[in-house]
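Fair warning: this is a prediction, and the values are worked out from it, not measured in the lab.
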Amino acid sequence: MKDFESTTHIEMRVRSAEHQIHSFTAEESLLIKFSLITIARGSCEMWIKPSLAKSGFSGTLNVPLDRNVMEAKINLPQKHFNYLVKQMIKTAGRSVTAKIELGTTLTLGHDGCLIIDEPTATSITSLNWTLALK
């Protein structure tokens, strides 16, 4: 029987999404709260902000030791940010999942729970969305 499993990806299902606009600066962000699919316990809060870059993205994932809420920060080019907001609005109320690939390998126990000895920070190397059409 295998006691541990290594993974470099996390799949998550959107629980809620908020488009936030600061009234004075007009700065935008998305706050998306996820339930974890490929990890047995916990959740993830993802902050997505537009960047000045024309392509690509940057992202980090922080996993605290003292709570079951991961925190992801993503910067997307403005064009991609706008497209994601539009798609999230179109699919509101339908299933949306995200799969992130990590720059670090994580360890899961036999029960699917994440095993860490200290707070962990890693890069997000890939981010893929699956949006239900109907």
Checklist entry - I124 versus T60: any side-chain heavy-atom pair under 4.5 Å? => result no
Checklist outcome for this item: Interatomic distance, NZ@K33 vs CE@M46, rounded to 0.5 Å, equals 14.0 Å
Checklist entry - Within a reach of under 6.0 Å around CG of D117, are more than 12 heavy atoms found that belong to other residues, nucleotides or ligands? => result no
Checklist entry - Measuring from S126:OG to I100:CD1, what's the distance to the nearest 0.5 Å? => result 9.5 Å
Item to check | Over 12 foreign heavy atoms within 6.0 Å of CG, L52 | outcome: no
Next on the checklist: Quick check on R13: does its CZ atom have over 12 non-hydrogen neighbours (other residues, nucleotides or ligands) under 6.0 Å away?
Outcome noted: no
Next on the checklist: Quick one: does any side-chain atom of T122 pair with a main-chain N or O of L61 as donor and acceptor, under 3.5 Å?
Outcome noted: no
Checklist entry - Shared ILVMFWY cluster between V63 and L65, side chains joined below 4.5 angstrom? => result yes
Checklist entry - Do you know which two heavy atoms are closest between N75 and S51, and how far apart they sit? => result CB-CB, 4.1 Å
Item to check | Cluster companions of L31 among Ile, Leu, Val, Met, Phe, Trp, Tyr (side-chain spacing under 4.5 Å) | outcome: W47
Next on the checklist: Are W129 and M70 connected into the same hydrophobic cluster when the rule is that any two of I, L, V, M, F, W, Y join if their side-chain heavy atoms are below 4.5 Å apart?
Outcome noted: yes
Next on the checklist: If hydrophobic clusters are built by linking Ile, Leu, Val, Met, Phe, Trp and Tyr wherever their side-chain heavy atoms come under 4.5 Å apart, do I37 and L106 end up in the same one?
Outcome noted: no
Next on the checklist: Once rounded to the nearest 0.5 Å, what's the spacing between atom NZ of K86 and atom OG1 of T91?
Outcome noted: 12.5 Å
Next on the checklist: Run E28 and Q20 through side chain to side chain contact (heavy atoms under 4.5 Å, CB included) and show every step you take.
Outcome noted: CA-CA 6 Å; E28 296 178 90; Q20 299 179 347; over 6 Å; no
Item to check | Minimal non-hydrogen separation, F4 against G109, with atom names | outcome: CD2-CA, 4.3 Å
Checklist outcome for this item: In short, A121 meets N62 closest at the heavy-atom pair CB-OD1, 3.1 Å
Next on the checklist: I'd like to check the salt bridge (charged side-chain N to carboxylate O under 4.0 Å, His left out) partners of K49; sequence neighbours left out, ordered by chain and number.
Outcome noted: E27
Checklist entry - Can you check whether H9's main-chain N or O pairs, donor with acceptor, with T7's side chain at less than 3.5 Å? => result yes
Checklist entry - Side-chain heavy atoms under 4.5 angstrom apart, residues restricted to Ile, Leu, Val, Met, Phe, Trp, Tyr: same cluster for I89 and V14? => result yes
Checklist entry - Can you name the closest pair of heavy atoms from C44 and A72 and give their distance? => result SG-CB, 4.1 Å
Checklist entry - Hey, is the main chain of E11 close enough, under 3.5 Å, to the side chain of T38 for a donor-acceptor pair? => result yes
Item to check | T97 and F34, any side-chain heavy atoms less than 4.5 Å apart | outcome: no
Item to check | Residue that, paired with K90, satisfies side chain to side chain contact (heavy atoms under 4.5 Å, CB included) out of Q87, R94, M88 | outcome: Q87
Checklist outcome for this item: dist F57:CZ -> H80:NE2 (nearest 0.5 Å) comes out at 11.5 Å
Checklist outcome for this item: To the nearest 0.5 Å, atom OG1 of T120 lies from atom CG of L114 at 7.0 Å
Checklist entry - Just wondering, more than 12 heavy atoms not from E118 lying within 6.0 Å of its CD? => result no
Checklist entry - Which is it for I39 and L108 under the side chain to side chain contact (heavy atoms under 4.5 Å, CB included) test, yes or no, and what are the steps along the way? => result CA-CA 8 Å; I39 296 178; L108 303 176; 3.9 Å; yes
Checklist entry - About how many Å separate CG of L127 and CD1 of I74, when rounded to the nearest 0.5 Å? => result 5.0 Å
Item to check | Heavy-atom side-chain contact between V96 and T130 under 4.5 Å | outcome: no
